[in-house]
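Everything below concerns the one structure shown next.
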Amino acid sequence: MRILIVEDERSLAQIVANRLKKEKYSVDIVYDGEEGLYNALEGIYDLILLDIMLPGINGIDILKKIKEKHIDSKVIMLTAKGELDDKLLGFSEGANDYVAKPFHIDELVARIGAQLRIEKTPSDTLTYADIELEYKTSKLRNINNGDSVGLNNKEFQLLEYFMNNPDRILSKEMIYDRIWGMDSEAVSNNLEVYLSFIRKKLKTIGSDISIRSVRKMGYKMEQQ
């Protein structure tokens, strides 16, 4: 899951980003309204944390543009203001939730989880065919024989993306935008390297799942 933080308080944005990364989210940060709008309209984010008071373009105007362009990212508004009219304005423009500063980081994480319908508990997993991805432990498990193997952060994100899109061809551009995002300086062979690691780990646990290259199109996860 990929999250964009649009927040001009740099220290706050970094604290939130660090916590979300521990929760296995992929996070990008921008600090002004113009850059926030540009990135929000890319449509690659599952959720956007959007401050109302921003330099350049304010959060409400960004929200309006997101909705005009039919971007389906969830939006949680962040603001130092706590007045009712600010909440009503945000909701009237299509915000999914509203958190007033100062907030407790655990509450924010819970609200994000509610919007994305993910509750990170030890038993939570993502399953496809004979494999299971464990959110709490970052392990990949074969549900038939019980064998498991640990994953690093990028391996976890890639597998999650493929498992949420089984039997679908994902282009290199789609994968880079989703996994590496705007902070990527990744060279063209980075993806193949990580996919090679993942394929070896699938083989290690005896899975029937493969991620194959589709000529000139991208990659596809499927059951052999």
Side-chain angles (χ1 to χ4, degrees), residues 1-5 13-29 39 42 44-47 49 105-106 109 112-113 116-214 218-224:
M1 293 287 182
R2 193 167 196 87
I3 294 174
L4 174 66
I5 300 174
Q14 195 60 60
I15 289 170
V16 173
N18 290 342
R19 174 59 186 275
L20 293 177
K21 288 176 181 178
K22 290 181 180 179
E23 298 291 326
K24 305 303 180 185
Y25 295 112
S26 182
V27 183
D28 293 326
I29 306 173
N39 286 283
E42 288 187 343
I44 63 173
Y45 297 98
D46 298 287
L47 185 140
L49 295 176
I105 190 69
D106 289 338
V109 170
I112 290 170
L116 298 177
R117 296 180 181 175
I118 295 176
E119 296 175 4
K120 301 297 182 64
T121 64
S123 62
D124 277 349
T125 58
L126 177 63
T127 302
Y128 168 65
D130 66 353
I131 59 174
E132 194 173 65
L133 195 60
E134 299 179 348
Y135 283 100
K136 190 69 174 180
T137 62
S138 296
K139 285 186 176 181
L140 175 66
R141 184 181 304 277
N142 185 323
I143 59 178
N144 292 328
N145 61 25
D147 290 348
S148 66
V149 64
L151 302 170
N152 66 34
N153 189 45
K154 281 292 182 283
E155 291 170 348
F156 185 96
Q157 292 174 27
L158 278 166
L159 263 176
E160 181 185 40
Y161 190 32
F162 275 104
M163 290 173 70
N164 278 317
N165 295 276
D167 302 310
R168 175 187 175 191
I169 296 174
L170 302 177
S171 70
K172 285 186 177 182
E173 291 76 15
M174 291 169 64
I175 297 170
Y176 274 118
D177 283 347
R178 180 72 174 195
I179 306 302
W180 279 272
M182 64 185 184
D183 60 354
S184 168
E185 301 236 347
V187 293
S188 61
N189 67 342
N190 271 8
L191 178 57
E192 273 294 344
V193 170
Y194 279 105
L195 288 178
S196 175
F197 294 156
I198 290 171
R199 291 180 182 119
K200 289 177 181 178
K201 291 185 177 183
L202 286 167
K203 184 176 181 180
T204 296
I205 63 172
S207 173
D208 292 330
I209 300 303
S210 67
I211 300 175
R212 66 180 182 88
S213 176
V214 181
Y219 301 89
K220 182 179 180 182
M221 171 178 274
E222 59 189 7
Q223 189 170 15
Q224 295 177 351

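No experiment lies behind these values; they were computed from the predicted model shown.
- Using modelled atom types, one finds a donor on one side chain and an acceptor on the other under 3.5 Å when comparing Asp130 with Ser207.
- Separating the CZ atom in Phe156 from the CG atom in Leu126 is a distance of 8.0 Å, to the nearest 0.5 Å.
- Ala13 pairs by the side chain to side chain contact (heavy atoms under 4.5 Å, CB included) definition with Ile5, Glu7, Ile29, Tyr31, not counting sequence neighbours.
- Across all their heavy atoms, Glu155 and Phe197 have their closest contact at OE2-CB, 3.3 Å.
- With sequence neighbours left out, Lys154 forms a salt bridge (charged side-chain N to carboxylate O under 4.0 Å, His left out) with no residue at all.
- At least one donor-acceptor pair closer than 3.5 Å links the side chain of Glu160 to the backbone N or O of Met1.
- When all heavy atoms are compared, the tightest approach of Lys139 to Gly150 is CG-CA, 4.3 Å.
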Candidate pair Gln14 and Asn18, rule side-chain contact (heavy atoms from CB on, under 4.5 Å), full reasoning:
CA-CA 6 Å; Gln14 195 60 60; Asn18 290 342; 3.0 Å; yes
Would Leu191 and Tyr219 satisfy side-chain contact (heavy atoms from CB on, under 4.5 Å), going step by step from the backbone distance to the final call?
CA-CA 10 Å; Leu191 178 57; Tyr219 301 89; 3.6 Å; yes
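- Counting only N and O atoms by type, the side chains of Asn153 and Gln157 include a donor and acceptor under 3.5 Å apart.
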Quick one, Arg2 with Asp28, criterion side-chain contact (heavy atoms from CB on, under 4.5 Å). Give me CA distance, side-chain angles, the key distance, then yes/no.
CA-CA 8 Å; Arg2 193 167 196 87; Asp28 293 326; 3.1 Å; yes
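- Take Asp106 and apply the salt bridge (charged side-chain N to carboxylate O under 4.0 Å, His left out) test, not counting sequence neighbours, and it matches Arg19.
- We find the CE-CD1 distance between Met221 and Ile211 to be 4.0 Å, quoted to the nearest 0.5 Å.
- Residues Ile3 and Tyr45 come closest through the heavy atom pair C-CD2, 3.6 Å.
- Of all non-hydrogen atoms in Thr127 and Thr125, the two that sit nearest each other are OG1-OG1, 3.9 Å.
- Note: Asn165 CG to Met174 CE = 6.5 Å, rounded to the nearest 0.5 Å.
- Salt-bridge annotation for Arg199 and Glu192: present, with a side-chain N of the basic residue lying under 4.0 Å from a carboxylate O of the acidic one.
- Within the model, atoms CD1 of Ile198 and CG of Leu158 stand 4.5 Å from one another, a figure rounded to the nearest 0.5 Å.
- Of the N and O atoms on the side chains of Tyr194 and Asn152, not one donor lies less than 3.5 Å from an acceptor on the other residue.
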Check the pair Leu47, Tyr25 against side-chain contact (heavy atoms from CB on, under 4.5 Å), reporting the backbone distance first and the verdict last.
CA-CA 10 Å; Leu47 185 140; Tyr25 295 112; over 6 Å; no
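- Ala17 and Val27 get closest at one heavy-atom pair: CB-CG1, 3.8 Å.
- Of the possible donor and acceptor atoms, none in the side chain of Asp147 sits under 3.5 Å from a partner among the backbone N and O of Thr204.
- In Lys220, the NZ atom is crowded: over 12 heavy atoms of neighbouring residues, nucleotides or ligands sit closer than 6.0 Å.
- Heavy atoms only, all atoms of each residue included: Tyr128 and Gln223 are closest at OH-N, 3.5 Å.
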